[in-house]
Amino acid sequence: MTQVVFITGATSGFGRATARRFAEAGWGLVLSGRRQERLEELKVELESKVPVHIATLDVRDATAVQALVDSLPAPFDKIHALVNNAGLALAPEAAQKVALQDWHTMIDTNITGLVNVTHAVLPKLLETGKGASIINIGSVAGEWPYPGGHVYGASKAFVKQFSFNLRCDLVSTGVRVTDIAPGMAETEFTLVRTKGNQAASDALYSTTTPLSAEDIAEQIFYVATLPAHININRLEIMPSRQAWGPFAVDRD
Ligand code: NDP
Ligand code: 8X3
């Protein structure tokens with residue numbers, strides 16, 4: 001094992017595919033998420049290839065995040081790449097119909113959670129220095145507005161600007177920062193967004209060709225393994241069959 005990647009939200013979708021991609025290349029893995037059973041399954045799957053450390057973690061809990069980072073045993077305490085992936089969208093309906101709690105959950109996870117993890121892991125990345133990476137998973141929704149995007153898109157706009165501002169502060173440290181902004185990708189994302197509506201999730205993806213979790217994992221791996229003097233600031237990726245829509249116009 002040469003390097004360690006710390007992945008949040010490794011129990012599903014992009015995070016799990018990213019764990020598999022880095023394992024293929026021999027990286028040690030720190031894998032976190034709230035679903036312990038899924039973490040254990042992934043550890044069983046990957047530990048014959050690489051060292052794997054799993055930790056049940058809710059990124060919204062700053063104390064738990066710090067405790068996890070402080071208790072990492074060697075060799076997992078020397079981190080080369082952080083993939084801030086844990087996140088979710090809720091309530092795809094119009095803003096005026098959304099429960100306040102759903103907005104809070106997105107802010108607490110996509111913004112506060114990402115900030116919690118970044119703050120706790122940053123000292124380790126600074127120790128690694130040249131060639132270390134913070135890879136934040138933003139979204140096309142952070143750049144482009146759409147109906148039902150409300151707080152989700154705004155939270156991903158935060159991820160983009162936080163990433164750019166981190167770059168300014170870390171420019172002399174060797175630690176790179178990237179905002180990866182995927183478009184439509186088939187994961188458990190829509191199941192979560194619709195609070196368990198499998199039919200809605202299937203309907204969204206089945207009549208087009210979405211990105212896969214593996215497509216995004218490949219981009220994350222690419223960014224983390226570029227030569228140390230290259231920083232991709234932002235990588236926005238859509239399926240070929242997705243593009244922007246027209247402006248909304250209210251008519252009589
Ligand atoms: P999934 O729902 O498949 O995966 C989300 C992951 O986030 C799960 O592993 C989940 O783990 C974890 N997670 C959610 N809340 C928390 C929390 N409070 N604490 C810790 N982990 C948490 O969706 P994706 O893989 O698609 O999503 C990954 C990221 O990609 C998200 O940030 C999402 O916003 C973003 N994204 C997704 C796109 C898509 O179309 N799929 C496009 C653009 C961006 P657990 O439930 O076990 O905690
Ligand atoms: C999720 C992708 O296209 O639903 O971030 O906004 S999209």
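Just so you know, ligand 1 is whichever comes first in the structure, and atom 1 is the first atom listed for that ligand.
Looking at residues two or more places apart in sequence or on another chain, you find a ring pair (Phe, Tyr, Trp, His ring centres under 6.0 Å) between Phe22 and Trp27, Phe221.
The side-chain heavy atoms of Ile216 and Leu211, taken from C-beta on, include a pair separated by under 4.5 Å.
Ordered by chain and residue number, the residues placing a heavy atom less than 4.0 Å from ligand 1 are Gly9, Ala10, Thr11, Ser12, Gly13, Phe14, Gly33, Arg34, Arg35, Leu57, Asp58, Val59, Arg60, Asn85, Ala86, Gly87, Thr109, Ile137, Gly138, Ser139, Tyr152, Lys156, Pro182, Gly183, Met184, Ala185, Thr187, Glu188, Phe189, Val192.
Using a 4.0 Å cut-off between a side-chain N of Lys or Arg and a carboxylate O of Asp or Glu, Lys78 and Glu127 do not qualify as a salt bridge.
Side-chain atoms of Asp179 and Ser163 include no donor-acceptor pair closer than 3.5 Å. At a cut-off of 3.5 Å, with distance as the only test, a side-chain donor of Asp215 or Ser212 sits close to an acceptor on the other residue.
Across Arg241 and Thr207, no two heavy atoms sit closer than the pair NH2-O, 3.7 Å.
Residue pairs that meet the ring pair (Phe, Tyr, Trp, His ring centres under 6.0 Å) test with at least one member in residues 97-144, sequence neighbours left out, are Trp103-His150, Trp144-Trp244.
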Could you go through ligand 2 and list every pair where one of its N or O atoms sits under 3.5 Å from a protein N or O, giving the atom names and the distance to one decimal?
unit_1   : atom_1 : unit_2 : atom_2 : d
ligand 2 : 4 (O)  : Arg193 : NH1    : 3.3
ligand 2 : 5 (O)  : Ser139 : OG     : 2.5
ligand 2 : 5 (O)  : Tyr152 : OH     : 2.6
ligand 2 : 6 (O)  : Tyr146 : OH     : 2.6

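A distance of 12.0 Å separates OG1 in Thr112 from CG in Asp61, rounded to the nearest 0.5 Å.
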* Asked: Would Leu42 and Arg20 satisfy side-chain contact (heavy atoms from CB on, under 4.5 Å), going step by step from the backbone distance to the final call?
  -> CA-CA 9 Å; Leu42 201 53; Arg20 290 174 174 147; 4.1 Å; yes
